[in-house]
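Data first, discussion second: the structure below is written as structure tokens.
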Amino acid sequence: MEFKHRSVLLEETIDGLRIRPDGTYVDGTLGGGGHAYEICRRLSDKGSIVGIDQDEAAIEAAGIRLKDFGEKVTIVRRNYCDMKSVLHDLGIDRVDGIVLDLGVSSYQLDTAERGFSYREDAPLDMRMDRRQQMTARDIVNDYSERDLYRVIRDYGEDKFAKNIAKHIAAARAKRPIETTGELTEIIRESIPMKFQKMSGHPAKRTFQAIRIELNRELEVLKNSLDDMIDLLNPGGRLCIITFHSLEDRIVKSAFRKNEDPCTCPKDFPVCVCGKVSKGSIITRKPILPGEDELRENSRSKSAKLRIFERK
Ligand SMILES: C[S@@+](CC[C@H](N)C(=O)[O-])C[C@H]1O[C@@H](n2cnc3c(N)ncnc32)[C@H](O)[C@@H]1O
């Protein structure tokens, strides 16, 4: 299947990076290489980019897309939470800009056998990195009803989380739930008819929740942001595109903490905690897609771009 993915907030991200032609850049979520391609186009012979993705299909697609840029590009199949050690192994201590375009690509969503989509019937997989053993099937069949409830409530923010978890537990007691189609049907049965047409497909939130849990998406993001800011050269920028409020909240709060880390009580005349600001938030409010992009790419609907600049 052809790797199809339309990059979101492309121009805004590239502008936001303020690319230095001789600089070193990292794309931590390479995908089809859409953002990386535009970065490469702006680099001189001295400039370079490291592209990271944990998905073998993305690595292959980006390799093809970026092949004309030759040695400027290094592609690594890893989790972006390992960015510091990936760069260290390449002899790089600091970079001039980092991009994260979070979540899954359209290719991953549209490839039925990857098991991300509630619109297709396929084995329950949802792994971004298929070297990982655990799949969505394990979560759906092996998590306790209570843990399923927690995941669907916290990561799907679904008000029917309790009922969905209860229905899943009842269904799997008869026989294991194997496919996205079976799961979608169980979720549909858990949601009262009059709510089924509200706020998108009834299975959307539960699928999102299971995907986030399986790929540890929020944990990875939360644990990586400080490292990424530390990796930036003075004036270097971190641009992050998020797709739901849970991710956005994590980015917003990490940016705030790095801009103003002081923990002294407000009424102290001078700072005594010794924690110094690492830089400043460029986007007080997130940058959102314009009307044209929203019209042309429905996936951009929930996208938000936030930018931090290192001191
Ligand atoms: C939205 S797509 C990126 C698309 C890309 N910016 C483009 O324009 O083609 C997100 C990609 O990030 C990858 N990804 C998500 N979380 C990751 C992580 N923690 N480490 C490495 N790759 C990750 C996914 O496998 C997917 O290929």
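In what follows, every heavy atom counts, from backbone to side chain, and hydrogens, waters and symmetry copies are set aside. In each ligand, atom 1 is the first atom listed, and ligand 1 is the first ligand listed.
- Close contacts between ligand 1 and Asp55 involve ligand atoms 25 (O) [criterion: under 4.0 Å to a heavy atom].
- Using 4.0 Å as the threshold, Gly28 has a heavy atom nearer than that to some atom of ligand 1.
- Those atoms of ligand 1 with a heavy atom of Gly103 less than 4.0 angstrom away are 10 (C), 11 (C), 12 (O), 15 (C), 24 (C), 26 (C).
- Distance from atom 5 (C) of ligand 1 to its nearest protein heavy atom, with residue and atom name: Leu30 O, 3.4 Å.
- Regarding atom 22 (N) of ligand 1, its nearest protein heavy-atom neighbour is Gln54 N, 3.3 Å.
- How far CD of Gln132 is from CZ of Arg216: 8.0 Å, rounded to the nearest 0.5 Å.
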(Q) Could you go through Glu182 and Leu124, starting from their C-alpha distance and side-chain angles, then the distance that decides it, and tell me whether this counts as side-chain contact (heavy atoms from CB on, under 4.5 Å)? (A) CA-CA 9 Å; Glu182 285 166 40; Leu124 273 168; over 6 Å; no
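- At the shortest separation from atom 20 (N) of ligand 1 among protein heavy atoms lies Tyr80 N, 2.9 Å.
- For Glu217, no heavy-atom contact with ligand 1 is shorter than 4.0 Å.
- Rounding to the nearest 0.5 Å gives a distance of 13.0 Å between CE of Met128 and CD of Glu56.
- Not a single heavy atom of Arg6 sits closer than 4.0 Å to an atom of ligand 1.
- Near Gly32, the atoms of ligand 1 lying under 4.0 angstrom from a non-hydrogen atom of the residue are 9 (O).
- Atom 14 (N) of ligand 1 has as its closest protein heavy atom Met128 SD, 3.8 Å.
- Among the atoms of His5, none of the N or O lies under 3.5 angstrom from an N or O of ligand 1.
- Within the 4.5 Å cutoff, the side chain of Leu225 has heavy atoms near those of the Ile240 side chain.
- In this structure, His5 has its ring center at least 6.0 angstrom away from the ring center of Tyr107.
- Here the heavy atom of the protein found nearest to atom 25 (O) of ligand 1 is Asp53 OD1, 2.8 Å.
- Contact check for Ile49 versus Asp27: side-chain heavy atoms found under the 4.5 Å cut-off.
- Between Ser105 and ligand 1, not a single N/O pair is under 3.5 Å apart.
- With a 4.5 Å cut-off on side-chain heavy atoms, Leu232 and Asp96 do not count as touching.
- Scanning the protein heavy atoms around atom 19 (N) of ligand 1, the nearest turns out to be Asn79 OD1, 2.9 Å.
- Scanning all protein heavy atoms for the shortest distance to atom 12 (O) of ligand 1 gives Thr29 CB, 3.2 Å.
- No side-chain heavy atom of Ile164 sits less than 4.5 Å from a side-chain heavy atom of Tyr149.
- Within the 3.5 Å criterion, the main-chain N or O of Leu10 finds no donor-acceptor partner in the side chain of Ser7.
- Here the CG-NZ distance, from Asp260 to Lys257, works out to 12.0 Å after rounding to the nearest 0.5 Å.
- Side-chain polar atoms of Ser85 and Arg78 form a donor-acceptor pair below 3.5 angstrom.
- Looking at Val104 against ligand 1, only its backbone comes within 4.0 Å, counting heavy atoms.
- Between Ala58 and ligand 1, no pair of N/O atoms sits closer than 3.5 Å.
- Side-chain contact between Leu221 and Glu217: absent, with no pair of heavy atoms (C-beta onward) separated by less than 4.5 Å.
- In this structure, atom 8 (O) of ligand 1 lies nearest to the protein heavy atom Ser7 OG, 2.5 Å.
- Contact annotation for Leu102 and ligand 1: only backbone heavy atoms (N, CA, C, O) come within less than 4.0 Å of the ligand.
- Within the 4.0 Å heavy-atom criterion, the part of Arg299 lying near ligand 1 is the side chain and not the backbone.
- Within ligand 1, the atoms closer than 4.0 Å to a non-hydrogen atom of Arg78 are 20 (N), 21 (C), numbered from 1 in the order shown.
- Formation of a donor-acceptor pair under 3.5 Å by the Arg310 side chain with backbone atoms of Gly279 is not found in this model.
- Atoms of ligand 1 found under 4.0 Å from any heavy atom of Val220, numbered from 1 in the order shown, are 19 (N).
- Taken from CG in Asp230 to CG in Asp93, the straight-line distance is 12.5 Å, to the nearest 0.5 Å.
- For ligand 1, the atoms closer than 4.0 angstrom to any heavy atom of Gly34 are 7 (C), 8 (O), 9 (O).
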